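These notes concern the structure reproduced below.
All of these numbers come straight from a predicted model, not from anything done at the bench.
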Amino acid sequence: MEKSGGCHTARWKLVVSAKAICCDTRSSIRIVNISSTIFDCSAPDLDSCPDESLPEFAFIGRSNAGKSSLLNMLSGRQDLARVSTMPGFTKLINIFTVDKTWRLVDLPGYGFAQVAREHSARFNKAVSNYLQHRKNLCCVFALIDSGLTPQEIDLEFVQWLATNSVPFVLVFTKTDKVSTATVQANMTAFTERISGWFETLPPVFTCSSKTKQGRTELLGLIGESLAVIEAKSESARDAAAAPETLPATDSPVAQGAPKRRANPHRPW
Ligand SMILES: Nc1nc2c(ncn2[C@@H]2O[C@H](COP(=O)(O)OP(=O)(O)OP(=O)(O)O)[C@@H](O)[C@H]2O)c(=O)[nH]1
Ligand SMILES: [Mg+2]
């Protein structure tokens, strides 16, 4: 893992109860190196997703916000997730496995009026189920188009994430399309609108899939999260391997009592 710079905000804590995001924001962070990314599956619903053995990082946001493009940019493979100028293009939960040890998840976008209502409801159900119930979901990247003033649908979605205790960071996308001043103004306006919902704001990132801006910081977040998971997993293994104080051998309960084991597949 390489070393790099930090993300925009140093502290965050939801006012509403929230799962802790597995990341600490130190001044130097570890970028996760990606050697191989393979398409795993397209799942229509939560039940069709693969087992929960690997940590997952998911991309969500309004249709056309740049989710699939960002996934490609981070993985370094432009042809991995399908990108389109047509909003509502990604319609399934697309899962990609990275280096056989963790996953990137491209979710369908919200807020595209042209998607048939019936389809829209089904996809929304699949996405909300995934976000609320996926046990190995480490962090959601909530994408916001940096060229737009705060949109009600994005604000409502962020509120939904917060009230449902989904661990997330904000990622303002497409920074190459507008001036830095516009990006800053739109980010400030957005974070001001949501600030009342949080004790401290969630981490905020900016990115461009065209220029690769933000890649280091986002891979740093993933690297830190994976390091925390690995550390937890190791301490669980150590605890399981530590010699136990056994009760007296003449105790009938002691005979054949099972040893407590850490589940290697659920370190979080
Ligand atoms: N200039 C610029 N264009 C981008 C960027 N990211 C995405 N785009 C363009 O925005 C459009 C939508 O990109 P996608 O990555 O397909 O967006 P999405 O959020 O996955 O869209 P849905 O799957 O429809 O929800 C495409 O035309 C991309 O080329 C970016 O950082 N800069
Ligand atoms: Mg997409």
Side-chain angles (χ1 to χ4, degrees), residues 1-8 21-23 25-26 28-43 49-50 53-86 89-109 130 134 136-147 167-177 183 203-230:
M1 290 191 178
E2 303 161 30
K3 297 268 180 190
S4 174
C7 61
H8 289 228
I21 295 174
C22 293
C23 163
T25 50
R26 286 170 286 174
S28 87
I29 55 175
R30 282 179 282 189
I31 303 176
V32 66
N33 283 318
I34 296 181
S35 302
S36 77
T37 312
I38 55 159
F39 171 70
D40 201 325
C41 68
S42 289
C49 288
S53 59
L54 300 179
E56 288 177 356
F57 299 83
F59 301 85
I60 186 70
R62 220 148 43 86
S63 293
N64 222 253
K67 301 175 289 296
S68 304
S69 302
L70 179 58
L71 189 149
N72 288 343
M73 186 266 266
L74 292 181
S75 68
R77 282 190 50 192
Q78 289 314 306
D79 56 345
L80 202 58
R82 292 183 66 191
V83 169
S84 173
T85 50
M86 197 175 65
F89 192 75
T90 305
K91 293 188 173 63
L92 297 165
I93 300 172
N94 292 311
I95 302 181
F96 303 85
T97 300
V98 185
D99 293 332
K100 299 181 182 169
T101 49
W102 56 281
R103 300 188 186 119
L104 289 168
V105 180
D106 191 17
L107 294 168
Y130 173 87
R134 189 74 167 155
N136 53 332
L137 177 60
C138 287
C139 181
V140 172
F141 297 96
L143 272 57
I144 314 283
D145 189 330
S146 69
F168 74 98
V169 299
L170 290 172
V171 183
F172 288 84
T173 62
K174 306 188 185 184
T175 54
D176 62 287
K177 286 184 81 173
V183 171
V204 179
F205 296 85
T206 56
C207 77
S208 161
S209 298
K210 290 268 180 283
T211 65
K212 294 190 168 52
Q213 188 253 317
R215 187 172 190 271
T216 299
E217 289 77 7
L218 290 170
L219 289 180
L221 174 74
I222 294 172
E224 289 289 329
S225 302
L226 293 173
V228 170
I229 290 167
E230 179 59 26

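Looking at heavy atoms from C-beta onward, Cys138 lies out of side-chain contact with Arg103 at the 4.5 angstrom threshold. Between Leu226 and Pro55, some side-chain heavy-atom pair lies under the 4.5 Å cut-off. Within the 4.5 Å cutoff, the side chain of Ile60 has no heavy atoms near those of the Phe168 side chain. Considering only heavy atoms from C-beta on, Ile95 comes within 4.5 Å of Cys49 through its side chain. Side-chain contact between Leu219 and Ile34 is present, with at least one heavy-atom pair separated by less than 4.5 Å.
Within the model, atoms CD of Glu56 and OH of Tyr130 stand 3.5 Å from one another, a figure rounded to the nearest 0.5 Å. The line from CG of Leu107 to CD1 of Ile93 is 6.0 Å long, rounded to the nearest 0.5 Å. Between atom OG of residue Ser36 and atom CZ of residue Arg77 there is a gap of 8.5 Å, rounded to the nearest 0.5 Å. The CD atom of Gln213 lies 9.0 Å from the CG atom of Asp176; values are rounded to the nearest 0.5 Å. The structure places OG of Ser146 at 12.5 Å from CG of Leu170, a figure rounded to the nearest 0.5 Å. Atom CG of Leu71 is separated from atom CZ of Arg82 by 14.5 Å, given to the nearest 0.5 angstrom.
In this structure, Leu137 and Pro167 approach most closely via the heavy-atom pair O-CG, 4.3 Å. Residues Cys207 and Leu70 share a closest heavy-atom pair of SG-CD1, 3.8 Å. Considering every non-hydrogen atom in both Ser63 and Gly109, the closest pair reads OG-C, 3.7 Å.
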* Show your working on side chain to side chain contact (heavy atoms under 4.5 Å, CB included) between Lys100 and Ser35 and close with a plain yes or no. => CA-CA 10 Å; Lys100 299 181 182 169; Ser35 302; over 6 Å; no
Run Cys139 and Leu221 through side chain to side chain contact (heavy atoms under 4.5 Å, CB included) and show every step you take.
CA-CA 9 Å; Cys139 181; Leu221 174 74; 4.1 Å; yes
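Side-chain N or O atoms of Asn64 include one that pairs as donor or acceptor with a backbone N or O of Thr85 at under 3.5 Å. Between the side chain of Thr173 and the backbone N or O of Ala65, at least one donor-acceptor pair lies under 3.5 Å. Proximity of a side-chain donor or acceptor of Lys67 to a complementary backbone N or O of Arg62 within less than 3.5 Å is detected. In this structure, the side chain of Ser208 does not engage the main chain of Lys174 through any donor-acceptor pair within 3.5 Å. One N or O on the side chain of Arg215 and one on the backbone of Leu74 form a donor-acceptor pair closer than 3.5 Å. Not a single donor-acceptor pair under 3.5 Å links the side chain of Asp99 to the backbone N or O of Thr101.
The closest side-chain donor-acceptor pair between Asn136 and Arg134 falls under 3.5 angstrom.
The aromatic rings of Phe141 and Phe57 are tilted relative to each other, their planes meeting at an angle between 30° and 60°.
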